[in-house]
Amino acid sequence: MPLLSLFFRTIVGLLTLFFVTCVVVYSLPQPLVGINIILLVSVIYFVYQKDTRIFWFSGLFHFFLELYSINFFGLLLTSSSIALLVFFWLYKQVLTNTSWYAISILLFLVVGVYKFFYGLLFYLQKIFFSYKQSFLFYEYVWLGIQEMFCTAVVGGLVYIILEYVLLPKKKQKKIFRL
């Protein structure tokens, strides 16, 4: 019975995350459309719950996105896996506190690693497989910086709302603690 419950919660979570991603992509204005919802949810959930199953959930979600992608199989999945591994290492070894600005910095770096490896794999795909689709380098960099910045800002705001308003662990005195 617990396995069946986990299965249904996973399916409902995947569908909810998919619809939230679609709402963000189709309803927000241009700079905010670049928010990476999947990495944002993965990082915030892990930092708040310390549950490593979110990495499997994120991998499963990226696998399903990969099925409907027009690129070769593996670009999204590999990029997100590397980005989440870098996040886990950064969280455990470098940025160990759980303040809103540490979460924002983590999200900025994780989305940067994701965009770097996605661009690198896309470029290698174009070289080795004569892939016809391409993008302009400066446009990709500019949109990547926008995505990094927007995801980091929204991640910091979501963490503040979760930590201090919706799910407070204890009585907090200051939001901007150093």
For a 4.5 angstrom cut-off between non-hydrogen side-chain atoms, does L107 reach L40? yes
Does anything in residues 144-156 pair up under salt bridge (Lys or Arg N to Asp or Glu O under 4.0 Å), and if so which pairs, sequence neighbours excluded? K115-E147
Calculate, to the nearest 0.5 Å, the distance between atoms OH and CG belonging to Y48 and D51 respectively. 14.0 Å
Side chains of F61 and W56: does their closest heavy-atom pair fall under 4.5 Å? no
A side-chain contact here means heavy atoms from C-beta on lying under 4.5 Å apart; do S104 and V153 qualify? no
So, does T151 use its side chain to make a donor-acceptor pair with the main chain of N36 at under 3.5 Å? yes
Using side-chain heavy atoms (C-beta onward) and a distance below 4.5 Å, is L95 in contact with I105? yes
Co-membership, hydrophobic cluster, residues I37 and L60, 4.5 Å side-chain: yes
Y123 atom OH, neighbour heavy-atom count above 12 within 6.0 Å: no
Taking all atoms of both residues into account, what is the closest heavy-atom pair of H62 and I38, and its distance? CE1-CG2, 3.2 Å
Flag the pair V94 / W89 as yes when at least one side-chain heavy-atom distance between them is below 4.5 Å, and no otherwise. yes
Starting from I54, can I reach I82 by hopping between I/L/V/M/F/W/Y residues whose side chains sit under 4.5 Å apart? yes
Are F122 and Y140 close enough that their ring centres sit under 6.0 Å apart? no
Under 3.5 Å: donor-acceptor pair, side chain of S81, backbone of L77: yes
Is there any salt bridge (Lys or Arg N to Asp or Glu O under 4.0 Å) pair reaching into residues 8-23, and which pairs are they, with sequence neighbours excluded? none
Taking atom CD of E163 and atom CD1 of I44, what is their separation to the nearest 0.5 Å? 10.0 Å
Applying the 4.5 Å side-chain criterion to the ILVMFWY set and letting contacts propagate, would L65 and L121 be lumped into a single cluster? yes
Between F46 and L109, is there a shared hydrophobic cluster once you connect ILVMFWY residues whose side-chain heavy atoms come closer than 4.5 Å? yes
Could you note down all residue pairs passing salt bridge (Lys or Arg N to Asp or Glu O under 4.0 Å) where residues 82-97 supplies at least one of them, sequence neighbours left out? none
Can you tell me how far OG of S80 sits from CD of E66, rounded to the nearest 0.5 angstrom? 8.0 Å
Compare every heavy atom of C150 with every heavy atom of I35, then report the nearest pair and how far apart it is. CG1-CB, 3.9 Å
I145 and Y138: same hydrophobic cluster, using ILVMFWY side-chain contacts below 4.5 Å? no
Quick check on F55: does its CZ atom have over 12 non-hydrogen neighbours (other residues, nucleotides or ligands) under 6.0 Å away? yes
Go through the steps to decide whether W100 and L157 satisfy the test side chain to side chain contact (heavy atoms under 4.5 Å, CB included), and finish with yes or no. CA-CA 8 Å; W100 65 272; L157 291 174; over 6 Å; no
How far apart are the C-alpha atoms of L84 and L39, what are their side-chain angles, what is the distance that settles it, and do they pass the side chain to side chain contact (heavy atoms under 4.5 Å, CB included) test? CA-CA 8 Å; L84 288 174; L39 291 177; 3.9 Å; yes
F57 vs Y45, ring-ring contact (aromatic ring centres under 6.0 Å, His included): CA-CA, chis, key distance, verdict: CA-CA 11 Å; F57 182 80; Y45 184 82; 8.2 Å; no
Any non-hydrogen side-chain atom of F87 less than 4.5 Å from a side-chain atom of V47? yes
Given side chains that start at C-beta, do those of Y114 and M148 come closer than 4.5 Å, heavy atoms only? no
The reported gap from CD in Q125 to OH in Y118 (rounded to nearest 0.5 angstrom) is 7.5 Å
